[in-house]
Amino acid sequence: MPWTQRTVTLPAHKRGFHLITREIMAELPELARIGVGLLHVFIQHTSASLTINENADPDVPADLESSFSAIAPEDFPYQHTMEGPDDMPAHVKAALLGSSVTIPVANGQLCLGTWQGIYLCEHRNNGGRRRLVVTLWGE
């Protein structure tokens, strides 16, 4: 099967961790035809990131947000402050989490664990729409 690649634009989300597994899968009808393959998801921003984590308990995203805010607080004496107090902490959080995830595909499904989902990690108070490049390959 040929490679499939497209850009997915997510609507603006408030600061926090947001499950986006369904949105990504909705953009990839080709996924159903893949017996064995890989899905790579890359975010084209430096103040937001992607991660895979628990998708069942609504306390998890809140706890992740409060934990990362404690690790990279807004009141730290950053030098890069021209874009507001939430910008540099957003870069730190994005550097810690990363800009991409890669997920195996089997029998037309993402090989996520029972309690796993793909999260958009929005680190800005008003980050705006976010662009993802999704690349699917398999046979």
Side-chain angles (χ1 to χ4, degrees):
M1 175 177 185
W3 292 76
T4 299
Q5 185 175 76
R6 63 182 50 98
T7 300
V8 176
T9 302
L10 299 174
H13 285 81
K14 66 180 184 174
R15 184 160 134 177
F17 288 67
H18 308 278
L19 279 168
I20 58 169
T21 311
R22 287 188 187 134
E23 288 90 334
I24 292 170
M25 291 180 68
E27 295 290 331
L28 291 169
E30 302 89 348
L31 185 67
R33 297 192 307 266
I34 303 292
V36 176
L38 291 173
L39 173 65
H40 184 262
V41 184
F42 175 80
I43 190 164
Q44 294 182 306
H45 301 275
T46 60
S47 58
S49 55
L50 300 170
T51 194
I52 295 174
N53 215 299
E54 182 178 326
N55 66 359
D57 187 336
D59 290 337
V60 171
D63 287 344
L64 286 169
E65 172 57 31
S66 61
S67 296
F68 275 89
S69 290
I71 291 168
E74 289 186 14
D75 62 356
F76 187 82
Y78 299 107
Q79 293 181 32
H80 175 72
T81 59
M82 292 179 60
E83 296 177 61
D86 67 335
D87 186 51
M88 192 58 217
H91 293 309
V92 172
K93 295 170 190 176
L96 290 170
L97 286 166
S99 58
S100 68
V101 293
T102 302
I103 303 153
V105 175
N107 302 316
Q109 298 290 319
L110 299 179
C111 294
L112 292 168
T114 302
W115 307 113
Q116 289 182 317
I118 305 167
Y119 279 90
L120 165 67
C121 313
E122 178 54 68
H123 305 304
R124 298 292 308 266
N125 293 327
N126 299 299
R129 298 183 320 162
R130 299 299 193 177
R131 288 180 322 278
L132 307 175
V133 176
V134 294
T135 305
L136 177 64
W137 181 81
E139 56 183 328

The residue among L10, T9, I43 that forms side-chain contact (heavy atoms from CB on, under 4.5 Å) with R131 is T9
Applying side-chain contact (heavy atoms from CB on, under 4.5 Å) between L31 and each of L39, L136, T4, report the one that passes. L136
Within a radius of less than 6.0 Å around CG of N125, do more than 12 heavy atoms belonging to other residues, nucleotides or ligands occur? yes
If hydrophobic clusters are built from ILVMFWY residues whose side chains come within less than 4.5 Å, do [X] and [Y] share one?
X	Y	result
M25	L50	yes
L120	V133	no
L64	I71	yes
L97	I24	no
V60	V101	no

Mind checking whether V8 and L28 have side chains closer than 4.5 Å, heavy atoms only? no
Evaluate the side chain to side chain contact (heavy atoms under 4.5 Å, CB included) criterion for residues I52 and I103: first the C-alpha distance (whole Å), next the side-chain angles of each, then the deciding distance (0.1 Å), finally the verdict. CA-CA 9 Å; I52 295 174; I103 303 153; 3.8 Å; yes
Quick one: do H80 and D87 satisfy side chain to side chain donor-acceptor pair (under 3.5 Å)? Show the steps, please. CA-CA 8 Å; H80 175 72; D87 186 51; 2.7 Å; yes
Would the distance check show the side chain of [X] and the main-chain N or O of [Y] forming a donor-acceptor pair, the cut-off being under 3.5 Å?
X	Y	value
H40	L38	no
T21	I118	yes
R6	E27	yes
Y119	E54	yes

Which residue is it: R124, H123, R15? I am looking for the one with a side-chain hydrogen bond (donor to acceptor under 3.5 Å, both in side chains) to D86. R124
Looking at E122, R129, R130, which one forms a side-chain hydrogen bond (donor to acceptor under 3.5 Å, both in side chains) with H45? R130
Output for pair (N55 CG, R22 CZ), nearest 0.5 Å, gives 9.0 Å
Nearest non-hydrogen partners of Y78 and A72, listed with the distance: OH-C, 3.6 Å
Nearest atoms (heavy-atom pairs only) where A94 meets S49: CA-CB, 3.9 Å
Salt bridge (Lys or Arg N to Asp or Glu O under 4.0 Å) evaluation trace for E74 with K93: CA-CA 11 Å; E74 289 186 14; K93 295 170 190 176; over 6 Å; no
Could you check N53 against F17 for side chain to side chain contact (heavy atoms under 4.5 Å, CB included), going step by step and ending with a plain yes or no? CA-CA 10 Å; N53 215 299; F17 288 67; over 6 Å; no
How far apart are the C-alpha atoms of F42 and V134, what are their side-chain angles, what is the distance that settles it, and do they pass the side chain to side chain contact (heavy atoms under 4.5 Å, CB included) test? CA-CA 6 Å; F42 175 80; V134 294; over 6 Å; no
